[in-house]
Chemist: 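Provided herewith is a single structure, encoded as structure tokens, for subsequent inquiry.
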Amino acid sequence: MSALRPWAGVALLLLPVLIWVLSLAANYDVIADVDVSRASLAPSVDHWLGCDHLGRDVLWRLITASESFVGPSLFACVVALVIGVPAGALSGWLGGLPASLTRFGLTTVASLPRFVLVLLVCAAFGNSVQLIALAAGVAYAPTLAEAIYARIQSFRHRGFVLAGQAHGLRSGRILWLHLLWVNHRRLILRHCVQLFAYFLLLETTLSYIGGLDGAGSFGVAQPDPSWGNMIAFEWREPQANIWATLAPGLATALVLLGATWTGRSLIEEQA
Amino acid sequence: MSVHLRSLRILAGKRALVSQVSLHILPGQITVLVGASGSGKTLTARSLLGLVHGIEPGIVAADLEIQDGEVIHRPYAAVDRERAFVPVRGPLIAWLPQNPRAALDPLQAVGAQIRDCLKLSGQNTGLDVAPEPWLERVSLAKSVGRLYPHQLSGGMAQRVGIALALARGSRFLIVDEPTTGLDPSLRAGILEELKRARDSGVGLLLITHDLRLVRQLGDHLLVMDRGCIVEDRPAQDLSAMQSAQAQALWQATLRLEARQ
Amino acid sequence: MLLLWLSCTPTAPPMAPSPLDSAWMGQIMAQPQLFTQTVDSERTAWVALHANSWRGAHRGTGTPARRASDLHADLALRVAGLEATGWERTLSAWSPLPAGSALPFFAGLSALEAGGAPTKWWKLIDTDADPVVLQATQAMLKQPTLSTRLADTMGNPLLERVDQHLAARLGESEEWPSGTAWTEPLSSGEARSIPDPQLPWTLSVMLLSTDQAVGMEALLFSDCLSASVCGPDAMAVLGVDPNLGPSDNPNLARSIAQSLDQVLDTWARDQRKNASPEALGLLEDLQVVQKFRGQLLLSLADEALDQGHPKQAVVLVQYAMDLNAPRTLGPVNSPTHFAVLAQAHLESGHTREALDALEVLTRSYPEAVGADEILGDLAILEGLDRQGDSKEN
Amino acid sequence: MFSLLIMAPLLSMSTAGAASFRYAEDQAPGIVNPLFSTTMGEARVNELLFDGLYSDSQELATVPDLVQSDELSEDGLTLTLRLRSDVSWHDGRPLQGQDVAFTVQAMKEPGTLSTEAGRVSFIERVETQGDSLVVLHFTEPQVRPQDKLTFKILPSHAFSSTVVTRSDSFRTRPLGTGPYKLVTYNDDNSITFQANSEGLGGKARIAEVVMREVSDKSYQAKLLLYESLEGLVRVLPRDLAVLQNNRKIELYPYQTNSWWYVGFNQARAPFDDARVRQAMSYLVDVDALLAPVGTGEVLSGPFVRSSPFYNHQVSPRTYNDTRAATLLEEAGFASEGGMWTRDGEPLTVTLSAHRTLESAQEVVINLQSQLRSGGVTVEVEFLDEAEWKARIWRQQDYDLVLSQWSFDRNEDVREQLHSDGARNFGSYSNPEVDALLNEARATRDPQVKKAALRKVHALASQDSPMIFLWTLDSYSAISTRVDDVVIHPFYFFTWVRQWHMGS
């Protein structure tokens, strides 16, 4: 089991990505799918997970909901990488004043709780998933940068770095290729997996809260589906198809589990 | 082409770690730098490459001059040091640190690292970047290319280090304590490799505390003690060494040999 | 409280059988096949009776059809009463009455039907009114009674219509009165349409049957525990004091309704523990408890109206209703509920709310349209000098 | 889990004083000023704070409130009122005739832009004689002017001018003569009211009333069940069953004359064209819109089905895409790839809905879906109270609105449908409708009024200034701890003085 776990984790993580591709390829219209004659249908051959209380196909919405987090969370990862990796790597490599300044800046960002930071950004600049992704990426960057900083600093004077320099490898090449790519890509990947999971949870939470007040003030607003707003939309309905509430919750749990397993396997092999 | 280092002085605070050191490395010759631990020999060697980290600003002054053809004259200065050494590191001088395994990227296969050096050297562009010939040149099996540093024995690591330097195409090679921790047969093999390198025209600076090496393959001998060169002479007839420190070292070596 | 607690403990002696056990509900719970036997012969009519869709039921034959017919007759009588009140109040409040209109003629007819004095209305008929109206009024003034047929209708359509009603009531004609409205031009160019105030009265006479049913057929779905114990009496037997008190206190009505709920809840709980699955199916499918409860409260509401306590009546009917389908006739919400509610609202001055209740009736019972229209006029009159207010949300 | 987190602070308020009546509104009124109330929530708060010259008895007859005695002149042109001498404002100052004069003048004042101006248009001027004698002069003879004098009276000394603005500080420091006075606006948007010991007929029996803002209606029912509230103004249809079965809660029918609609901004293309509006209404399947909201009745015009004015000959529009297509083509639209365009521009509209409108989300999503299938793109925005008043009422900057109108028992739609109506923010204008509305207001023959308004119903249905949706039955739920509750069918708190907390 423990040997299978990393693979199961990766499989669970890849699942939403595959679903995302499927959803982009498919021609499901989230807006026009309402059909109250199908309200709260139980799962059947035509609708594998049944329908929600407006008669929309739960499975299709579950699939389409991947659009609300897969792309944005990848974007969040890119943002975190673009900010966190250079900041951490350069301050670790250079040390001294540049490192102090960069780390001061990052610590300032990190001192705000991430969730609060995201909410602040939403409140100030409006509520869109891309913006939330940007905020999440920025909010996560200090964590990534700090991790990389610590590692680069400890690797900075290892023999092979000196040898590489002696061989005439340019600092940039040693830093980016040998230190970051060859030696720390797992670390970076693990942080990306963590951020992916974090963003999924964030988006789901925000969309859930947004879905509760019926007006979609946070996160993804109906009719666009999100696993969070799907739960919020259904759970108060006394006659709801139980799958319409459970399925998005289970999907979230599975992907998070996948992220945990994958992340753990990346740590184990690192050591 | 030869390397000349003149008047090197390295300070840590007010204490001089190295003072007034001058040395020359000539192509096709092995210069052996001998000294007890802490005598400043590794520091001197690294200063040739501008790799004196952690004690800066420690170098007060030195002239590094590489003659013949492209003459580079670099008065040491705190400013812009890194860039000043770019043309030196690799194409001119390679360095094999004391623990050769630590000098290899732990997470990259040996072959890939040799390939990197080949690419860097610029001499093997295009298709001919296979690491195998270089492994063979240092008497290693081709399959070693697929191994990672932690899978190498000490001797193999040392050979890989030499192969890297050769692949890099450096004119000069600084070898720090190549035989430490090796059993006699392996030691002989490594010395053989170094000789072959010398014979191919590479100038070597061999750093060791073992005077026996000087006898086996030295062309020129430098003895350091407490940051100063105390003996600077051809490697023949070691018994005629002038300084008391060098003599003491020589006697110690003889006693060691006798015991063995 | 202590008693309740005792009844819940397993060591308590078994409770005395509830009077409900011997009533129709208890019987069908004990012997579900009895229910099947009873309804098998006239299944359609019984289903319609259960759903309180009387118009459908009384077209059938047999006991359920006759019972539905009786209930419909009762409803028609209630609607007639509402309409009579509506005519009286509307025309009293209407000032000045439109000149030359036939309205007072119909007001007089309505008053006569309700056992009141028609003359004060008929005397209001202007001499410049439609000659047909004038002629009919004069004829009616000469014979102000509706117990015998008219001596001579003189080809007057209004008199002919009155005579048609009388013929139908006396069984001298098989023809049902048409119930079409009387129209006359309005100043604004539209038509004034006056509903026939006699229609519900005639219906109530024609629909009333002489039901001979006994036993389960007579009692099923009724508000009776036995043939002799019905309505408020049944409540007393069940241990709920149906005394509505001297004043129109809605709180008292609420507490009566709540104590009734306790009795019925206890019984239903016992049934759920002990009854056979088949019987339990009946309990749920037929909504036995809700239906019986609704009927009892309705009869108490009727009682409250008789005592001049309309606020209590409103509370009791609202308790009796199934609020999940508040504007739909169904097994719990019978047409009588809406008729009683309309009357209670009307008597407490809430004419507009009475219309809410009446409107539900007009959808299935066109004879209520007349009452709805005339009470609508009353509601308008009451608001004529008011300024409407409207708000968002 | 999240719901618990959100509810935690709400539950904590259950420890508030036992003698207070706490009721929930979806949204706290932003403005407490009877000159500008547009929502039911505001009307209810006004009822607690202010009194009118006259008000409704429980039998819904007009009875004097601030008035001691009155006398109508024989020509019906003047009404002389003697105010009660025992009434004072919440700050202790006595009620005076000039307060009445001020209120009427402020409502009439063009600069005030009161939404209630229509209520005093029949008063020509107000004269005061001494402190307590007020003479009202009417523009035309009145029969029962008392019935029209139920508007709330404001204290003249709290204002500097009869031109009052919405932002006047009075809105947060209201001063009335009503049974309750406003004590505090609390941090959680709730408002605390305390019984006014100087009130008419003595102090109200419940010492404190608290209005709580609970924007999520689903929690309102839960808070009532957990005894964190004593009253819900309006219960969601889906909570009815639970509340009806709960012995600690009484349900009271409330506010039945209300209907939902989707309004068009007719001052703006393409909805200035009746054909486009009709086409849109043919693209909507109202039954399907209603199904997820609850049980209600689909309407064909601006009256509820039980209204005497409802025209039963007009049937509600039903979905008819071919009819819609014909109308849109006549209006110059063409179908491209299933979507309607005119001059190359796709038919894209924004639907604005009030953030707290219950079940709005379901309706909006459903409507969006139906119109998408019909070839119209709908974008949705939810507005909060302030935005709503600014964008919809004042600037009339919108395409479509989803909202609900509630009427008192007169069901006077003049303000909504007359071209100069104060609530006609959709700019509907039809001279025939104007004439009929005027006739309906002028006549004293109920059947003429009925005929006129039934015709208005038919015309409005034809012109489609809005898509008339439905009416829902609504109930208030009040804890059985509160006794002698009688709810006014429109203003709710009119008879709150007699309510009391039982043992």
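Convention: sequence-line order gives letters A, B, ...; per-chain numbering from 1. None of these values were measured; they are calculated from a predicted model.
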Chemist: Excluding sequence neighbours, so at least two apart, what forms ring pair (Phe, Tyr, Trp, His ring centres under 6.0 Å) with D/Trp470?
Modeler: D/Trp260

Chemist: Side chain, backbone, both or neither: which part of D/Val413 has a heavy atom under 4.5 Å from chain C?
Modeler: neither

Chemist: Examine whether an atom of C/Asn393 lies under 4.5 Å from a heavy atom of chain D, and if so say whether it belongs to the side chain, the backbone or both; otherwise answer neither.
Modeler: both

Chemist: Flag the pair C/Glu190 and D/Lys455 as a salt bridge only when some basic side-chain nitrogen lies within less than 4.0 angstrom of an acidic carboxylate oxygen.
Modeler: yes

Chemist: Please check: side-chain N/O of C/His350 versus main-chain N/O of D/Gln58, any donor-acceptor pairing under 3.5 Å?
Modeler: yes

Chemist: By a 4.5 Å heavy-atom criterion (distance strictly below it), what part of C/Ser193 contacts chain D: side chain, backbone, both, or neither?
Modeler: backbone

Chemist: So for D/Phe122, is it side chain, backbone, both, or neither that comes closer than 4.5 Å to the heavy atoms of chain C?
Modeler: side chain

Chemist: So what's closer than 4.5 Å to chain C heavy atoms on D/Tyr310: side chain, backbone, both or neither?
Modeler: neither

Chemist: Looking only at heavy atoms, which of residues 356-368 of chain C get nearer than 4.5 Å to chain D?
Modeler: C/Asp356, C/Glu359, C/Arg363

Chemist: Answer yes or no: is there a donor N or O on one side and an acceptor on the other, between the side chain of C/Gln387 and the main chain of D/Gly118, under 3.5 Å?
Modeler: yes

Chemist: What residues of residues 340-348 of chain C sit under 4.5 Å from chain D when you count only heavy atoms?
Modeler: C/Ser348

Chemist: Considering non-hydrogen atoms only, spot the tightest contact between D/Arg444 and C/Trp94 and give its length.
Modeler: O-NE1, 4.0 Å

Chemist: Between C/Arg386 and D/Asp412, does at least one N-O distance fall below 4.0 Å, as a salt bridge requires?
Modeler: no

Chemist: Extract all donor-acceptor atom pairs below 3.5 Å that involve side chains of residues 370-378 of chain C and protein atoms in other chains or at least two apart in sequence.
Modeler:
unit_1: C/Glu373; atom_1: OE1; unit_2: D/Lys450; atom_2: NZ; d: 2.7
unit_1: C/Glu373; atom_1: OE1; unit_2: D/Arg454; atom_2: NH2; d: 3.4
unit_1: C/Glu373; atom_1: OE2; unit_2: D/Arg454; atom_2: NH2; d: 3.1
unit_1: C/Asp377; atom_1: OD1; unit_2: D/Lys450; atom_2: NZ; d: 2.6
unit_1: C/Asp377; atom_1: OD2; unit_2: D/Gln447; atom_2: NE2; d: 2.7

Chemist: Which heavy-atom pair separates D/Ala451 from C/Leu186 by the least distance, and what is that distance?
Modeler: CB-CD1, 4.0 Å

Chemist: Please classify the contact between D/Thr39 and chain C as side chain, backbone, both or neither, with a heavy-atom cut-off of under 4.5 Å.
Modeler: both

Chemist: Per the side chain to side chain contact (heavy atoms under 4.5 Å, CB included) rule, which among D/Arg423, D/Glu42, D/Gln404 passes with C/Lys391?
Modeler: D/Arg423

Chemist: Closest approach of C/Leu323 and D/Leu240, non-hydrogen atoms and distance?
Modeler: O-CD1, 3.7 Å

Chemist: Examine whether an atom of D/Glu250 lies under 4.5 Å from a heavy atom of chain C, and if so say whether it belongs to the side chain, the backbone or both; otherwise answer neither.
Modeler: side chain

Chemist: Taking side chain as everything from C-beta outward and backbone as N, CA, C, O, which of these in C/Asp265 sits under 4.5 Å from a heavy atom of chain D? Side chain, backbone, both or neither.
Modeler: side chain

Chemist: Is the shortest distance from a Lys or Arg side-chain nitrogen in C/Asp389 or D/Arg119 to a carboxylate oxygen in the other one below 4.0 Å?
Modeler: yes

Chemist: Would you check if there is a donor-acceptor pair between the side chains of D/Ser306 and C/Arg352 at a distance under 3.5 Å?
Modeler: yes

Chemist: Can you tell which part of D/Glu116 gets under 4.5 Å to a heavy atom of chain C, answering side chain, backbone, both or neither?
Modeler: side chain

Chemist: Just checking, is any N or O donor in the side chain of D/Glu415 or C/Ser390 under 3.5 Å from an acceptor N or O on the other one?
Modeler: no

Chemist: Give, as side chain, backbone, both or neither, the part of D/Ser406 having an atom under 4.5 angstrom from any heavy atom of chain C.
Modeler: both

